[in-house]
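One structure below.
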There are 2 protein chains.
Amino acid sequence: MYSSKINPIKSLSNVLFLPIWMMSKNIEKPTEAELKILKVLWQVGPCTVRQVHEALSYDKDSGYTTTLKLMQIMTEKGLVRRNESSRTHIYEATVSEADTQKQLLHKFLETAFSGSASKLVMQALGNHRTSKEELEQIRQLLDKIEKEKP
Amino acid sequence: MYSSKINPIKSLSNVLFLPIWMMSKNIEKPTEAELKILKVLWQVGPCTVRQVHEALSYDKDSGYTTTLKLMQIMTEKGLVRRNESSRTHIYEATVSEADTQKQLLHKFLETAFSGSASKLVMQALGNHRTSKEELEQIRQLLDKIEKEKP
DNA sequence: AAAAATATACGAAGAATTTCGTAATATAAC
DNA sequence: GTTATATTACGAAATTCTTCGTATATTTTT
């Protein structure tokens, strides 16, 4: 990296406000294809490769060995763990959906919205149908956050 | 794609509820490196390659020709347009920041949050410092949305 | 006018991700 | 038990994105 003499504040602020999740141990960031697999595992629980592959084949058109290979890589990365006691291995996610979303959101917020959570939130609310119940939940969260503020 | 006989509703719903922005002409999706360049152009306006490259070199450590090449590719994709009247070309973004954010957000929402805007919003609000003013803005948006509901 | 600096064009290397084909092995069916 | 089927292992091709080096052309400096 370029050692900036003009704007040292930028990198400094990054250190001071390091989000909590970044301080915990390094979680491998899933790629897009890996994320699709994780979603299946989160939704239906421990699966064989075939189960995952069937679940994906509605959206995606790639061969069985592709899914297999990805899941093998994910095992190496530690994104999933597998039970090898029977010949057909059973895979399960080792990372939680919430943690992964947190991590991906942080990255996305930086790259696409330059870190402005409120801009992102307003865009998300403005362009996507959200039920009354969900809006109410968000409102409650707002209350809670504001109450905890000075 | 797999022609599903089991769940034809899925693809159907995608057609029925096609978001408005998707119906407009196809915008090329910027890659991550391209997005960084766009951000400079959005922030400072029309630029030469050198200006963009200098602006980026605080965060990024790649050569001048890399930036040049990327901007040439972006021109082909139609993400930027350039004025070639003088030897040093002047580039400007052809896509707006808001439109691009909308597009990226939609994609992200689908891949990471399975389309649940409220989940994303709550995660974003929960994990990132947001000022009182911003929270108030969001609250007002909530009011506006709920008022427009049945 | 020659030399130096700066710009674009463009092919191709490098890197990361996704895809597949084939071999080896185990299980199931006959 | 032999054949057929299903599963894993693994290398390597295909793809996409990023990076760079070199050639060529233009402007600026000396």
Side-chain angles (χ1 to χ4, degrees), chain A residues 1-2 26-40 46-92 100 104 107-108 111-112, chain B residues 1-2 26-40 46-92 100 104 107-108 111-112:
Chain A
M1 286 296 170
Y2 198 101
N26 263 10
I27 307 173
E28 282 282 350
K29 187 196 162 199
T31 67
E32 218 170 294
E34 288 171 349
L35 188 58
K36 284 182 185 162
I37 291 171
L38 281 175
K39 276 167 123 176
V40 175
C47 284
T48 64
V49 173
R50 183 148 303 276
Q51 285 174 311
V52 171
H53 182 250
E54 306 267 276
L56 291 178
S57 48
Y58 296 112
D59 283 324
K60 211 177 140 185
D61 209 7
S62 56
Y64 173 83
T65 51
T66 301
T67 306
L68 170 65
K69 181 69 171 185
L70 281 170
M71 292 177 77
Q72 285 169 344
I73 292 170
M74 291 168 78
T75 305
E76 283 169 27
K77 287 191 183 176
L79 290 171
V80 299
R81 151 182 50 228
R82 68 181 176 191
N83 182 335
E84 308 179 5
S85 59
S86 52
R87 186 166 99 96
T88 63
H89 300 346
I90 309 286
Y91 289 77
E92 67 180 321
T100 306
L104 293 175
K107 178 82 185 300
F108 179 71
T111 59
Chain B
M1 283 297 170
Y2 198 100
N26 261 10
I27 307 173
E28 282 281 350
K29 188 196 162 198
T31 67
E32 217 170 297
E34 288 170 348
L35 189 59
K36 283 183 185 163
I37 291 172
L38 281 175
K39 277 168 131 176
V40 175
C47 282
T48 64
V49 173
R50 184 149 303 278
Q51 285 174 311
V52 171
H53 182 248
E54 307 266 277
L56 289 179
S57 49
Y58 296 113
D59 282 326
K60 209 179 140 182
D61 210 6
S62 55
Y64 172 82
T65 51
T66 300
T67 307
L68 170 65
K69 181 70 172 182
L70 280 170
M71 292 176 77
Q72 285 169 343
I73 291 170
M74 290 168 79
T75 305
E76 285 169 25
K77 287 191 186 177
L79 289 170
V80 300
R81 152 181 49 228
R82 67 183 175 189
N83 182 335
E84 307 179 6
S85 59
S86 52
R87 185 166 96 94
T88 62
H89 301 167
I90 309 288
Y91 288 78
E92 68 180 319
T100 307
L104 293 174
K107 177 83 185 299
F108 179 71
T111 58

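A note on names: the letters A, B, ... follow the listed sequences, proteins ahead of strands, and every chain is numbered from 1. As a basis for the values below, the full set of heavy atoms in this structure was taken, side chains included, without hydrogen atoms, waters or symmetry mates.
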How is [X] classified with respect to the nucleic acid when contacts are heavy atoms under 4.0 Å: base, sugar-phosphate, or nothing?
| X | answer |
| --- | --- |
| A:T65 | base |
| A:E32 | sugar-phosphate |
| B:T66 | base |

Calculate the interatomic distance between [X] atom [atom1] and [N] atom [atom2]; express it in whole Å.
| X | N | atom1 | atom2 | answer |
| --- | --- | --- | --- | --- |
| A:L35 | C:dA16 | CG | C1' | 17 Å |
| A:M71 | D:dC10 | CE | C1' | 17 Å |
| A:Q72 | C:dA24 | CD | C1' | 13 Å |
| A:L68 | D:dA12 | CG | C1' | 15 Å |
| A:I73 | D:dA12 | CD1 | P | 15 Å |
| A:K77 | C:dT18 | NZ | C1' | 11 Å |
| B:H53 | D:dC20 | NE2 | C1' | 11 Å |
| B:I90 | C:dT6 | CD1 | P | 17 Å |

Salt bridge (Lys or Arg N to Asp or Glu O under 4.0 Å) for B:K77 and B:E34? Distances and angles first, verdict last. CA-CA 11 Å; B:K77 287 191 186 177; B:E34 288 170 348; 3.0 Å; yes
When you measure from the side-chain N and O atoms of B:T31 to the phosphate of D:dT18, is any distance below 4.0 Å, counting only OP1 and OP2? yes
Considering just the side-chain nitrogens and oxygens of B:R50, establish if one lies under 4.0 Å of OP1 or OP2 belonging to C:dT6. no
Backbone N/O of B:A33 and side chain of B:K60: donor-acceptor pair under 3.5 Å: no
Can you check whether A:L68's main-chain N or O pairs, donor with acceptor, with A:T65's side chain at less than 3.5 Å? no
Of the nucleotides [options], which one has an atom closest to the side chain of [X]?
| X | options | result |
| --- | --- | --- |
| B:K69 | D:dT18, C:dA12, C:dC20 | C:dA12 |
| B:Y64 | C:dA7, D:dC20, D:dT7 | C:dA7 |
| B:V49 | C:dA7, C:dT8, C:dA12 | C:dT8 |
| A:R87 | D:dC17, D:dA9, D:dT7 | D:dT7 |
| A:S62 | C:dC20, D:dT8, D:dT18 | C:dC20 |

If you find the nucleotide of DNA chain C closest to A:T67 and the one closest to A:S86, which residue's nucleotide is nearer the 5' end? A:T67
On a heavy-atom basis, which atom in A:L35 and which in A:P30 lie closest, and how many Å separate them? N-CB, 4.2 Å
Anything under 30° is parallel, anything over 60° is perpendicular, the rest tilted; go ahead and classify B:Y64 against B:H53. perpendicular
